[in-house]
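Notes to accompany the following structure.
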There are 2 protein chains.
Amino acid sequence: MHITASKLVDALGERGYRITMARRAVCEVVAAAHDEHLSAADIYQRARETSGTRLDRSTVYRTLEALEDAGLLAHSHLGHGPSVYHLAEDAGHQHLICRNCGQTMTLPREEADLIADAIIASTGFVADLNHFAVSGLCADCAALDDI
Amino acid sequence: MHITASKLVDALGERGYRITMARRAVCEVVAAAHDEHLSAADIYQRARETSGTRLDRSTVYRTLEALEDAGLLAHSHLGHGPSVYHLAEDAGHQHLICRNCGQTMTLPREEADLIADAIIASTGFVADLNHFAVSGLCADCAALDDI
DNA sequence: ATGTGTGCAAAGCATTTGCAGCCAG
DNA sequence: CTGGCTGCAAATGCTTTGCACACAT
């Protein structure tokens with residue numbers, strides 16, 4: 001099951017954050033977008049559309065920061081573009097982004113966990129895979145071998 | 001042995017790039033900085049100091065681009081800051097950056113290769129580890145467990 | 001009432017681009 | 001001599017910040 005917008009809002013409330021229209025709007029968008037890779041700009045645009053409210057980019061950033069602080073949301077850096085946000089519960093996988101075609105895919109959680117375990121065993125470093133993507137060539141582009 | 005500035009310059013020449021003062025200056029800095037993580041701003045500053053020449057940021061970026069195009073240089077994204085550049089021959093390891101103390105360390109090449117192999121086996125994706133860092137907590141910060 | 005959250009505007013930072021002149025080939 | 005390369009300046013894209021007012025508590 002996926003977390004609902006009201007759960008996000010409630011969690012913010014419990015953390016001492018005030019519940020406002022702007023925050024509600026951002027929570028709706030974020031909750032509705034499970035699995036999608038939304039940039040701050042995407043969230044801003046959708047939040048404006050769904051809630052006719054007047055809403056500023058900076059408010060979106062501040063709300064996303066609050067959600068991250070509350071441990072409900074996380075952002076990843078997929079490539080050279082803007083950061084993308086996703087629910088914390090959707091985390092744990094590793095993003096793979098093809099430097100040739102730009103396609104992004106994911107490495108399943110179990111695989112990612114194996115890698116994280118290997119890194120811990122060898123260095124003691126507790127890796128938070130999925131914060132940064134891994135760049136490379138997808139199977140299709142690698143097959144072209146003329147990159 | 002490490003590559004020298006003149007080898008970098010020569011390689012640019014062979015690729016059809018013209019040899020200029022600006023390019024020489026950038027090559028000196030890059031060749032002298034093996035193993036260091038230099039941002040474009042660092043390179044700009046050092047290149048200005050070492051070669052009294054007048055030099056512009058944009059020229060540095062353009063030269064770095066030329067060096068990358070020639071396969072001599074690569075850049076990595078270590079964190080939220082600027083990209084860092086290093087000689088292509090120094091690549092192959094995976095950067096680990098602690099989200100708490102900001103310290104960066106490296107995962108040895110053999111470990112990184114094992115991971116890359118696991119990713120290929122499971123998805124066909126040819127990972128270029130070391131382009132993006134892995135975020136997480138270093139052993140020391142993880143031990144604090146109050147993050 | 002009080003101070004947190006808001007929109008607005010402007011700054012910030014890393015990087016890119018347009019352009020007219022310069023210099024390597 | 002000719003086009004690639006330069007410095008300069010300005011623009012870009014994403015994100016952050018300062019501020020006075022608004023509103024959730």
Side-chain angles (χ1 to χ4, degrees), chain A residues 6 8-27 37-48 51-70 73-85 102 131-133, chain B residues 6 8-27 37-48 51-70 73-85 102 131-133:
Chain A
S6 13
L8 291 175
V9 171
D10 291 351
L12 281 183
E14 280 162 30
R15 275 269 185 157
Y17 290 103
R18 295 190 179 172
I19 310 307
T20 65
M21 274 305 129
R23 286 184 175 158
R24 253 183 239 283
V26 170
C27 287
H37 293 144
L38 295 184
S39 67
D42 294 332
I43 295 170
Y44 166 69
Q45 198 173 325
R46 293 196 190 181
R48 289 204 128 198
S51 78
T53 339
R54 190 167 49 196
L55 175 66
D56 192 72
R57 267 174 246 278
S58 58
T59 304
V60 171
Y61 280 106
R62 288 187 275 230
T63 300
L64 294 173
E65 193 185 1
L67 286 166
E68 292 204 71
D69 176 55
L73 192 74
H75 72 273
S76 312
H77 302 275
L78 290 194
H80 293 192
S83 310
V84 296
Y85 293 81
H131 183 67
F132 290 107
Chain B
S6 15
L8 291 174
V9 171
D10 290 351
L12 282 183
E14 279 162 30
R15 275 268 185 158
Y17 290 103
R18 295 190 179 173
I19 309 306
T20 64
M21 273 304 130
R23 287 184 174 156
R24 252 183 239 282
V26 170
C27 288
H37 294 143
L38 295 184
S39 67
D42 294 332
I43 296 170
Y44 167 68
Q45 198 173 326
R46 294 196 188 181
R48 287 204 131 198
S51 78
T53 339
R54 191 167 49 199
L55 175 65
D56 192 72
R57 268 174 246 277
S58 58
T59 304
V60 171
Y61 279 107
R62 287 187 275 230
T63 300
L64 294 173
E65 192 185 2
L67 285 166
E68 290 204 72
D69 176 55
L73 192 74
H75 72 273
S76 311
H77 301 275
L78 290 194
H80 293 189
S83 310
V84 296
Y85 294 80
H131 184 66
F132 290 107

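Order of the sequence lines fixes the chain letters, A, B, ..., with proteins taken first and strands second; residue numbering starts at 1 for each chain.
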Less than 3.5 Å apart, any donor N or O on the side chain of [X] or [Y] sitting next to an acceptor on the other?
X	Y	answer
B:Ser39	B:Asp42	yes
A:Arg24	A:Thr20	no
A:Tyr61	A:Arg57	no

Within 6.0 Å of CD in B:Glu68, more than 12 heavy atoms from elsewhere: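 Enclosed.
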
For [X] and [N], what is the distance between atoms [atom1] and [atom2] respectively, to the nearest whole Å?
X	N	atom1	atom2	answer
B:Arg57	D:dC5	CZ	C1'	19 Å
A:Ile43	D:dT15	CD1	P	10 Å
B:Leu12	D:dC5	CG	C1'	13 Å
A:Gln45	D:dC14	CD	C1'	15 Å
A:Tyr44	D:dT15	OH	P	14 Å
B:Leu64	C:dA14	CG	C1'	13 Å
B:Asp42	C:dC13	CG	C1'	14 Å
A:Glu65	D:dT16	CD	P	7 Å

With heavy-atom distances below 4.5 Å as the criterion, would you say the side chains of [X] and [Y] are in contact?
X	Y	answer
A:Arg15	A:Asp69	yes
A:Cys27	A:Leu12	yes
A:Leu73	A:Leu8	no

Exam field: side chain A:Ser51 to backbone A:Ala47, donor-acceptor pair closer than 3.5 Å: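 Present.
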
Output one line per pair: protein atom, nucleotide atom from nucleotides 19-25 of chain D, and distance, for all N/O pairs under 3.5 Å.
unit_1	atom_1	unit_2	atom_2	d
D:dA24	O3'	A:Ile19	O	3.4
D:dA24	N3	A:Arg18	NH1	3.2
D:dT25	OP1	A:Ile19	N	3.1

Aromatic plane relationship, B:His131 with B:His75 - under 30° parallel, 30 to 60° tilted, over 60° perpendicular: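 Answer is perpendicular, since the angle exceeds 60°.
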
Each nucleotide N or O in nucleotides 10-13 of chain D that has a protein N or O under 3.5 Å away: list the pair and distance.
none

Side-chain N,O ([X]) to OP1/OP2 ([N]) below 4.0 Å:
X	N	answer
A:Tyr61	D:dT15	yes
A:Arg23	C:dG5	yes
A:Ser83	D:dT15	yes

Proximity to the side chain of B:Ser58 - top-ranked nucleotide from C:dT15, C:dG7, D:dA9: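 When the side chain of B:Ser58 is considered, D:dA9 is the closest of C:dT15, C:dG7, D:dA9.
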
Among D:dT6, C:dG5, C:dA9, the one nearest B:Ala22 by side-chain distance: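 Of the options given, the side chain of B:Ala22 lies nearest D:dT6.
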
Residue closer to the 5' end of DNA chain C, B:Asp56 versus A:Thr59 (nearest nucleotide):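 The 5'-side residue here is A:Thr59.
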
